[in-house]
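Taking it in order: structure first as structure tokens, then the write-up.
Keep in mind that the numbers below use all heavy atoms, side chains included, and drop hydrogens, waters and symmetry copies. Remember, it's 1-based here, ligands and their atoms both numbered in the order they're listed. Sequential numbering from 1 along the given sequence is applied to the chain's residues.
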Amino acid sequence: RPPRSTLFPYTRSSDLGELLRGMPPKKKEEEKPRVILGRPTNHVKAGVVGMPNVGKSTTFNIMCKMSVPAENFPFCTIDPTEARVEVPDPKWRKLCDMWKPKNEVPAYLTIFDIAGLVKGAADGEGLGNAFLSHISATDAIFHVVRTFEETADGDMATHVEDSVDPVRDLEIIRDELRLKDVAALEKLIEPLEKEVKRDGKAKEKKDRLEIMNKILEFVKEKEARFGAWSTKEIEVLNECCLLTSKTALHLVNMSEKDFLRKKNKWLPKLKAWIDENRPGESMIPYSAALEARLVDMEPAERAAYCEEQKCASQMDKIVCTGYHTLQLVHFYTAGADEVKCWTIREGWTAPKAAGTIHTDFERGFIKAEVYNYDDWKAQLTETDDGRAGPIAETAVKESGKYRQEGKNYVVKDGDVIFFKFNVTTDKKK
Ligand code: GDP
């Protein structure tokens with residue numbers, strides 16, 4: 001018997017159980033992991049997209065309530081269409097608890113509210129066209145679809161397409177984003193074609209044009225991220241910032257009743273559609289109406305309610321999964337002044353990781369002093385006065401697990417790093 005899911009304890013099919021836990025589907029043996037397009041930095045952004053009346057605003061408002069107060073970001077203006085939420089990370093939390101630093105800086109995910117898209121948005125239908133360009137500024141997409149018939153107030157919510165069909169909705173939005181990419185590519189190709197005609201010898205431009213035409217043909221049929229691209233093609237793709245390059249996390253908004261009874265006829269259909277059309281991407285069933293109530297409750301009240309209803313909030317999972325679908329890893333800097341969580345792509349070397357802190361760190365990189373969180377945690381003797389962190393660090397040093405790494409070191413998830421760099425010589429250059 002498959003293990004019981006805490007969220008959907010009555011699920012018998014292991015496949016469905018897995019899907020309902022929001023886990024990405026199992027990769028087939030022969031499948032190579034897909035290269036994730038785009039270049040997320042330490043500031044990861046996601047946009048909430050979907051048809052009108054599917055629960056996007058409700059979801060976005062919950063994220064606003066979860067978000068970190070604006071005074072924590074004195075040097076940036078935060079737009080009302082932006083919510084900045086903490087990415088829950090138990091390792092970072094533990095480091096903070098044991099170091100008791102003056103400053104605690106978690107990883108954040110910035111979420112953008114993007115107006116409802118309708119059929120024809122790519123041609124300027126509805127508000128869609130302007131907002132499609134907002135999506136291009138994000139790293140990932142939270143694609144909200146609706147399986148509920150009635151709204152939370154008991155009204156039959158109007159759906160722009162006059163019926164509830166989340167699979168059709170996914171297809172409409174996918175095609176709008178794809179068409180917008182086709183238009184964007186055609187706009188880039190036109191002047192390039194002229195330039196190549198004028199100067200037939202410009203090999204670099206000719207190659208670029210060839211790649212762009214290849215991408216264009218592909219995007220006329222499929223989403224850019226599902227192509228098998230060469231390194232050179234990926235470079236061009238990343239410059240184009242296509243909407244269909246962005247990884248999607250599918251948020252399946254259910255009625256509260258369906259969410260609690262863990263059932264809805266669309267779930268298997270959605271899962272099949274995603275596996276077929278967007279292999280490797282995940283879906284998370286939730287109920288925005290329920291989450292909207294939970295977010296307003298005091299923690300004790302919320303815990304009691306969840307216990308009684310045998311349910312759990314899915315919002316942290318949505319944030320975490322959204323963040324980590326981008327193949328991101330965390331490393332930390334830890335000390336008495338500050339414990340900070342940094343985000344990089346899997347596979348980055350130490351100097352590149354150092355560059356997320358400051359470009360000087362990358363240019364003047366000398367070495368990285370590294371230990372892994374797990375080795376540090378193994379040495380913890382829990383004293384609660386802010387000395388446990390440094391004591392464990394000393395113990396890691398004595399145990400020989402504190403390493404000096406050079407420029408080829410690939411940073412691992414959970415590394416705690418102290419970078420040594422030299423900017424003065426660099427500046428003299
Ligand atoms: P948007 O147009 O996609 O931003 O959708 P809204 O967030 O404004 O929601 C549209 C309607 O659906 C509102 O009347 C909401 O109260 C209702 N609604 C949103 N989420 C849920 C849900 O999870 N369950 C139910 N039953 N109704 C919901």
Side-chain angles (χ1 to χ4, degrees), residues 7-8 20 22 46-67 79-83 85 111-121 125-132 134-135 138 141-174 176-177 248-267 270 283-297 302 305-306 309 311-319 322:
L7 164 60
F8 281 56
L20 295 172
V48 182
V49 305
M51 306 282 285
N53 282 322
V54 296
K56 290 183 307 303
S57 316
T58 313
T59 306
F60 181 75
N61 287 340
I62 300 162
M63 306 233 178
C64 285
K65 286 186 182 165
M66 291 162 64
S67 73
D79 210 78
T81 57
E82 258 178 74
V85 297
I111 295 154
F112 290 90
D113 186 17
I114 292 169
L117 296 167
V118 290
K119 209 186 222 157
E125 202 55 47
L127 284 169
N129 205 15
F131 289 97
L132 281 171
H134 290 186
I135 306 174
T138 63
I141 285 177
F142 285 165
H143 197 148
V144 183
V145 288
R146 152 179 175 181
T147 68
F148 61 88
E149 298 278 345
E150 290 182 3
T151 66
D153 334 317
D155 294 335
M156 294 296 280
T158 35
H159 189 290
V160 275
E161 295 288 323
D162 283 331
S163 63
V164 170
D165 181 344
V167 173
R168 171 206 58 208
D169 290 359
L170 281 178
E171 286 177 348
I172 290 178
I173 301 239
R174 175 197 59 191
E176 290 308 323
L177 299 185
L249 173 62
H250 305 85
L251 306 185
V252 183
N253 190 6
M254 304 166 76
S255 70
E256 199 169 329
K257 192 170 132 224
D258 281 356
F259 179 76
L260 291 177
R261 69 189 184 118
K262 297 109 175 89
K263 259 198 186 137
N264 181 280
K265 64 170 182 190
W266 289 106
L267 289 178
L270 282 163
M283 62 183 253
I284 299 184
Y286 74 121
S287 167
L290 169 69
E291 299 289 348
R293 279 194 299 115
L294 291 178
V295 77
D296 283 336
M297 290 180 191
R302 188 182 313 141
Y305 186 87
C306 289
Q309 299 288 334
C311 68
S313 167
Q314 301 300 298
M315 296 312 290
D316 278 356
K317 182 157 71 189
I318 289 172
V319 172

Close approach of Met51 to ligand 1, heavy atoms, under 4.0 angstrom: yes
Test item: Thr147 and Val252 side chains (from C-beta on) under 4.5 Å apart, heavy atoms: yes
Test of proximity, Thr58 against ligand 1: N or O pairs below 3.5 Å: yes
Which segment of Arg146 sits under 4.0 Å of ligand 1 when only heavy atoms are counted: neither
Any N/O pair Pro52/ligand 1 closer than 3.5 Å: no
Atom pair OH (Tyr286) and CG (Leu251), whose distance is rounded to the nearest 0.5 Å: 5.0 Å
Spatial distance of atom CG (Leu249) from atom CD1 (Ile318) [nearest 0.5 Å]: 7.0 Å
Val54 neighbourhood, listing ligand 1 atoms whose heavy-atom distance to it stays under 4.0 Å: 1 (P), 3 (O), 5 (O)
Ring-face cation of Arg146 near Phe148 (centre distance under 6.0 Å, axis angle within 45°): yes
Flag side-chain contact, heavy atom, 4.5 Å: Asp258 against Arg261: yes
Where ligand 1 meets Met254 - atom numbers and elements under 4.0 angstrom, heavy-atom basis: 22 (C), 23 (O), 24 (N)
Ligand 1 atoms in contact with Ala288 (distance to a heavy atom under 4.0 Å): 20 (N), 23 (O)
Contact check, side chains of Leu170 and Leu270, non-hydrogen atoms, under 4.5 Å: yes
Within-4.5 Å side-chain heavy-atom neighbours: Leu290 and Gln309: no
Sub-4.0 Å atoms of ligand 1 with respect to non-hydrogen atoms of Gly55: 1 (P), 3 (O), 5 (O), 6 (P), 7 (O), 9 (O), 19 (C)
Distance-only N or O hit between ligand 1 and Phe148, under 3.5 Å: no
Positive for side chain to side chain contact (heavy atoms under 4.5 Å, CB included) with Pro285, one of His250, Met254, Gln314, Lys262: Met254
Proximity to ligand 1 by part of Ser287, non-hydrogen separation under 4.0 Å: both
Short N or O distance, Lys56 and ligand 1, threshold 3.5 Å exclusive: yes
Short N or O distance, Asn53 and ligand 1, threshold 3.5 Å exclusive: yes
